[in-house]
Q: 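Please read through the structure below; I'll follow up with questions.
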Number of protein chains: 2
Amino acid sequence: MTKTKHHHGNLKEALVTAGLALLEEGGIDALSLRKCAARAGVSHAAPAHHFDGLPGLKSAIAVEAFGIFSSYLQTAVDEGEQSAQARLKNLCRGYMQFGLDHGGLLAVIFGGAGLASYVPGAGKEEAHAYLILREVCAPFVGDHDDKRVIEAQVWSLIHGFTLLYVSGEFGPPHGQDGPFEAVMDLLNRIGNRPAP
Amino acid sequence: MTKTKHHHGNLKEALVTAGLALLEEGGIDALSLRKCAARAGVSHAAPAHHFDGLPGLKSAIAVEAFGIFSSYLQTAVDEGEQSAQARLKNLCRGYMQFGLDHGGLLAVIFGGAGLASYVPGAGKEEAHAYLILREVCAPFVGDHDDKRVIEAQVWSLIHGFTLLYVSGEFGPPHGQDGPFEAVMDLLNRIGNRPAP
DNA sequence: AGGCAATCTTGACGCCGTAAAGTTAACTTG
DNA sequence: CAAGTTAACTTTACGGCGTCAAGATTGCCT
């Protein structure tokens, strides 16, 4: 942990933290290698020793952002009403709210080479966000249904709505959540409706 | 139309055309003011006299791309089976196929300041793509339904699916269209089911 | 103590968007 | 038709960007 002229201590982590801050402050366009380096108090070429260029740094930031995203979803699912329908809508509301509150993080998560490359383990199946999605969708999967179909339907619907909503296609996103409720009504028809 | 040393003839159009070509060849990252200018045979500062910087050029390109997108959707809707259900699925298939075939154009269309700023008229309601969406959704709008709800549901679902599918979240997009059919099954439950 | 590898700095290169000033062509006006 | 004006484009320059190559410093290992 000694911080001398040529040894920062934990530069890798500091660069990722700086990147997250830049994303929160100025969105995806504000993220640059040189600004991360400057914010970490290091020369512009230092990051090259820890990441494979800008894409590598972005990937490392995306891993962290994906973790924050997952926590966000978990919190949203667990609060409020706890029926299967409500938990499904809670998940979607958390997804949308994350897009509104942390657009830069969402952009770095989904603007890269795919989520599969961010999860540390072998397959994407172990990522926290996937587990939440699977668990929340489970009550809606009928005996003869493919659970991946239900999950893909929910994911597509909320992902598309969030991106369109955040970019203002359904009107200014700061008003009532009418559009959200309207689109999420489609969830009431998904899969096998579970007992309330 | 005289093309002298200081008068290109129709530079504005040439720059947009060059931009579309760059997008098709190298995606959104390959689009730059200087490359558009070079491809149009003009100095790098020339575009400034026709567009308000790079965002202005991108907007002009997005207008054109949006027109291509609309034609793409119209063609998809009009071919194949012509039941209301089939036309709805045709629309979505065209949306997805456009994302696969012209990812750069889709990125410039939805990566900017919102579609509303691209349509020439006053409101977005007159844009061709909106008219197609509205027309295809109309048979599913019940007497006491808000048609905008149905349209937003369809748009969100196909938009989210397309972006996730193109970026590989449902597996390599070059295989069978299983994911598409699976997600689009949700459309069978939308609105009031019309007579076949 | 000596050697070595990791870490960070410095400098340079080419590409980028943008602004300012200069040049040429076309149009307008008397 | 000649002079003045405007529009279109070029040239030059600046700072920021990602990236590479070379050099300096540090800590570890033998």
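Numbered from 1 within each chain, the chains take letters A, B, ... in sequence-line order.
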Q: Would you tell me if any nitrogen or oxygen in the side chain of A:His50 comes within less than 4.0 Å of OP1 or OP2 on C:dA6?
A: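 A:His50 to C:dA6 OP1/OP2: no side-chain N or O under 4.0 Å.
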
Q: The side chain of B:Ala45 lies closest to which of these nucleotides: D:dT11, C:dG11, C:dA6?
A: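 The nucleotide sitting nearest to the side chain is D:dT11.
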
Q: Taking CG from A:Asp52 and P from D:dG18, how many angstroms apart are they, rounded to a whole number?
A: 14 Å

Q: Check this for me: does the side-chain of A:His49 come within 3.5 Å of the base of C:dC8 through a donor and an acceptor?
A: yes

Q: Distance check needed: D:dG18 C1' versus A:Phe51 CZ, whole Å only.
A: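 Checked: the CZ to C1' distance equals 15 Å.
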
Q: Spell out, as yes or no, whether a donor-acceptor pair under 3.5 Å connects the side chain of A:Asn90 to the backbone of A:Ala86.
A: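 Indeed, once roles are kept as given, a pair shorter than 3.5 Å links the two residues.
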
Q: Is B:Gln82 reaching over with its side chain to a backbone N or O of B:Gly80, donor-acceptor style, under 3.5 angstrom?
A: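 Yes.
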
Q: Nearest whole angstrom, please: distance from the P of D:dA8 to the NE2 of B:His44.
A: 18 Å

Q: Any idea which of C:dG11, D:dC9, C:dA6 is nearest the B:Val42 side chain?
A: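 Of all the options, the side chain of B:Val42 is nearest to D:dC9.
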
Q: Please name all residues satisfying side-chain hydrogen bond (donor to acceptor under 3.5 Å, both in side chains) with B:Glu181, sequence neighbours left out, ordered by chain then number.
A: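 Partners of B:Glu181 under the side-chain hydrogen bond (donor to acceptor under 3.5 Å, both in side chains) test: B:Lys89, B:Arg93.
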
Q: Residues from residues 18-37 of chain B sitting under 4.0 Å of DNA chain D, heavy atoms only?
A: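 Going residue by residue through residues 18-37 of chain B, none turns out to have a heavy atom under 4.0 Å of DNA chain D.
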
Q: Write down the distance between CG (A:Leu57) and P (D:dG18), rounded to a whole number of angstrom.
A: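 Computing the A:Leu57:CG to D:dG18:P distance gives 9 Å.
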
Q: Could you tell me how far apart B:Leu54 (CG) and D:dC17 (P) are, to the nearest whole angstrom?
A: 16 Å

Q: Check A:Glu25 with A:Lys35, please: is the shortest side-chain N to carboxylate O separation under 4.0 Å?
A: no

Q: With a 6.0 Å cut-off on the ring centroids, do A:Phe66 and A:His128 count as close?
A: no

Q: Tell me, please, which residues at least two apart from B:Ala107 pass side chain to side chain contact (heavy atoms under 4.5 Å, CB included).
A: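 Partners of B:Ala107 under the side chain to side chain contact (heavy atoms under 4.5 Å, CB included) test: B:Ile28.
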
